[in-house]
Amino acid sequence: MDITHILDGLNDRQRDAVTAPIGNLLVVAGAGSGKTRVLVHRIAWLVEAEGASPGGILAVTFTNKAAAEMRGRVERLLEGPARAMWVGTFHGIAHRLLRMHWADAGLPQNFQILDADDQLRLVKRVMRALDLDEQKWPARQAVWFINHHKDEGRRAKDLPRNDADIYHVTHLKVYEAYEELCAQGGLVDFAELLLRSHELWLERPDILDHYQRRFKHLLVDEFQDTNSIQYAWLRVLAGTSADVWAVGDDDQSIYGWRGAKIENILSFRKDFADVQTVRLEQNYRSTSTILRAANALIDNNAERLGKNLWTDAGDGDPILVYSGYNDLDEARFIADRTQSWIQRGGSADDVAVLYRSNAQSRVIEEAFLRLDIPYRIYGGLRFFERAEVRNALAYMRLISQRHADVAFERVVNTPPRGIGAKTVEAIRNIARANGVSMWQAAKEGIARGLFTGRAAAAIGAFLKLIDDMAGNVKDCALHEIAECCIETSGLMAYHSRERGEQGIARRENLEELITACRQFGGELVLPLTPTGEEAGQASELEEFLDKAALDAGEYQSGGTAAQMMTLHSAKGLEFPLVFMAGMEEGLFPNRQTEREPGRLEEERRLAYVGITRAMQQLYFTYAETRRLHGSQSHNWPSRFLQEVPEDCLQEVRMGGDVSRQFRTLHNGADDEADQDEAGVRIGQFVTHATFGEGVVLQAEGHGDRTRVQVNFSRAGAKWLMLAYANLKTVGD
DNA sequence: GTGGCCTCTCTTTTT
DNA sequence: GAGAGGCCAC
């Protein structure tokens, strides 16, 4: 068979990785070194050169997007569908396994996936039942505790019961109660998917054996992002019979906060037999200036496997640094530069604006709107996470399974229909007392006259509503079911009654959901393509609901547009023009991470990921003052800027009228004055301006030395101010 | 039971 | 600045 097409265009190292003899291999692949390409070609190599059966290949990634792309590229390379191959996310594959082996895994056949929001609600309820003060015991922390231990493979029973630590003991109680509730309701959260399928391996050697016989080649993408349970799962599955081919980059490990273990890369070499290592260090993406910056920055991290990216590409332009006087100015600058990129013949598609936190996107979005530049925002609230969409899904869930308590609680009084907290509480109690679902409890409660007249009528109407809907949509297509739920339940009317833009947006989202349902059957993008023997029994409706939980619906329709996203979601992507916005201490590196050990290095890796997204031109921008959480804050430029070699950088000065130099102006001593003063050098004559809320800045030009008075409207302001020359822009 | 208004807190990243 | 929860009038 002619296999040259698999090797064409690969460099030597890449070929080494693709054609490595069957056996365990670790590919340490730097940013932009063709990682995905190599992985895809490896699969093709296995099939065409090694004669591997596609059904014996399992490829795991972390995001649905990556999985879909991988499958697409493999199929293009092999020139045909590879249905028998398993390609998916860890969660998706675990889910598939549990759907097929539900009984062996100790789950009810119709177990439901609990997404992050459901989980939080459930934990809150557990904590309320345990009489824990919500102020003192934030539910989020309990959720973190639970997930953290599950990610490490520990159930409540595996944890020490009598610990001196009240924090531990209390959370353990919550964990236990939560586990019990999940078991009763047949609920499986994200971490549980992994944990349980790992346990399935351990407890059912026959099933493990079946899959070990089947999967001979395991490929793992983004290996640095695996957590303990994923690693363990993989190790057990591989056993001694399969080879593992893993690609990763320790410098791009940015998910330590949710349990990812870079150490897995090191453990891999210890735990698996004869692991060969291939390094991909030639970068095909960026200019050498950009690479030099990235290398210098990441060199500040102590814990690294060590690797140095290099490129044949020329220097390219320096990285441009812009210091906005506030976040609005920063945003406007980014939009301006994007516009001129487009005017010079570039495409909006080429441009990405990256930031540390989603909250930063708004001002940038507004700046793009003002200039009429098309843009697309990734992240934030995803489609399937929006309240109105979740409400509609809950109705669909109830139609499919009446005993789905999570869904029941969610919509029993949404839209409001006279079933208040008290009544719901009563239903819950009946359910708990009798060990039945809330649906059943509501029914029995009515029959036995346990509710007041008004409540009984309201509940009865709700039960009937659901039953009627279910009857009406029996033979309907998925999108008709959705439509029926949205209309008949009164959700559409309820949400569109909401005032302002919000109501309009909700309405549109509900319509969008109907569209999504309509398209669902067509291009079924399941985490795994089931083969005939394995296809589950689930109805289309149930499959859709699973998908909604597992794949938050990263939703974007076509059209060229500049992209805005967090640094985290930019991993794996590349753009000719990249802006990294908000390069400020406190924001990036993020203040929250200061205290936790090791987190600064992770922030730095995040910066490394950001820088290496850029192909031709990179901008760092920051704002000297920024509105954050509703109030003004002043931040120093990020330390990461100083970690980049100075000769890679060039400061942008706006027009001729800006020349700015700033100093800490200081001040401190209360007795000094009610006016803060300091000498600030600004190149040019400046008069005065206002900016921010009631803050007046006055300056008088004396050539190079200008005396600036900073009057804060707030008493006792103790900080310093920065001086701006471009004052005509102030306050807009 | 509902809806409006108040205050409070919490601000990261997401399969 | 937004979302959640508490409180009060209807």
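Numbered from 1 within each chain, the chains take letters A, B, ... in sequence-line order.
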Between atom CG in A:D225 and atom C1' in B:dT15, what is the gap in whole Å? 10 Å
Integer-rounded Å distance: B:dT13 P and A:R605 CZ: 18 Å
May I ask you to say what A:R591 touches in the nucleic acid, namely base, sugar-phosphate or nothing, with a heavy-atom cut-off under 4.0 Å? nothing
Sugar-phosphate only, base, or nothing, as touched by A:N413 at under 4.0 Å among non-hydrogen atoms: sugar-phosphate
Between A:F215 and A:W86, does the ring centroid distance fall short of 6.0 Å? yes
N or O in side chain of A:N358 less than 4.0 angstrom from B:dT11 OP1/OP2: no
Given B:dT2, B:dT15, B:dT13, identify the nucleotide with an atom nearest to the side chain of A:R599. B:dT13
From B:dT15, B:dT2, C:dA2, nucleotide with atom closest to A:R258 side chain: B:dT15
Using a cut-off of less than 4.0 Å, is there contact between a side-chain N or O of A:S569 and OP1 or OP2 of B:dT13? no
Between B:dT15 atom P and A:Q224 atom CD, what is the distance in whole Å? 15 Å
Are A:W144 and A:H171 an aromatic pair, judged by ring center distance below 6.0 Å? no
Base, sugar-phosphate, or nothing: which does A:I419 touch, judged by heavy atoms less than 4.0 Å apart? sugar-phosphate
From B:dG1, B:dT13, C:dG5, pick the nucleotide closest to the side chain of A:K124? C:dG5
Presence of A:T566 side-chain N/O under 4.0 Å of B:dT14 phosphate oxygens OP1/OP2: yes
If you only use heavy atoms from C-beta on, which nucleotide in B:dT2, C:dG1, B:dT12 is closest to the side chain of A:R362? C:dG1
Quick check: on DNA chain B, is the nucleotide nearest A:S357 upstream (toward 5') of the one nearest A:Y494, or the reverse? Name the residue that is more 5'. A:Y494
Look at the side chain of A:F190 and decide which nucleotide, out of C:dG1, B:dT15, B:dT14, has an atom nearest to it. B:dT15
Are A:F62 and A:H91 an aromatic pair, judged by ring center distance below 6.0 Å? no
Between B:dT15 (P) and A:L195 (CG): distance, integer Å: 20 Å
Would you indicate what A:Y255 reaches in the nucleic acid, counting non-hydrogen atoms under 4.0 angstrom: base, sugar-phosphate, or nothing? sugar-phosphate
How many whole angstroms separate atom CG of A:L600 from atom P of B:dT12? 18 Å
Here the distance between atom C1' of B:dT12 and atom CZ of A:F588, to the nearest Å, is 11 Å
Which is true for A:F62 with a 4.0 Å heavy-atom rule: it touches a base, it touches only sugar-phosphate, or it touches nothing? sugar-phosphate
Quick check for you: among B:dG1, B:dT2, B:dT15, whose closest atom lies nearest to any side-chain atom of A:T63? B:dT15
What is the distance, rounded to the nearest whole Å, between atom CH2 of A:W257 and atom C1' of B:dT13? 4 Å
Protein-nucleotide distance (A:L328, atom CG; C:dG1, atom P), rounded to Å: 11 Å
Does A:R356 get its side chain close enough to the base of B:dT13, under 3.5 Å, for a donor-acceptor pair? yes
Pair assignment for B:dC8, Watson-Crick or G-U wobble, requiring both distances under 3.5 Å: C:dG3
Please figure out whether A:K422 or A:E602 has its closest DNA chain B nucleotide nearer the 5' end. A:K422
Ring centre gap for A:F408 and A:F462 strictly below 6.0 Å: yes
Side chain to side chain donor-acceptor pair (under 3.5 Å) between A:Y378 and A:Q563, intermediate numbers included: CA-CA 7 Å; A:Y378 289 77; A:Q563 332 247 341; 2.6 Å; yes
Ring centers of A:Y231, A:W233 separated by less than 6.0 Å: no
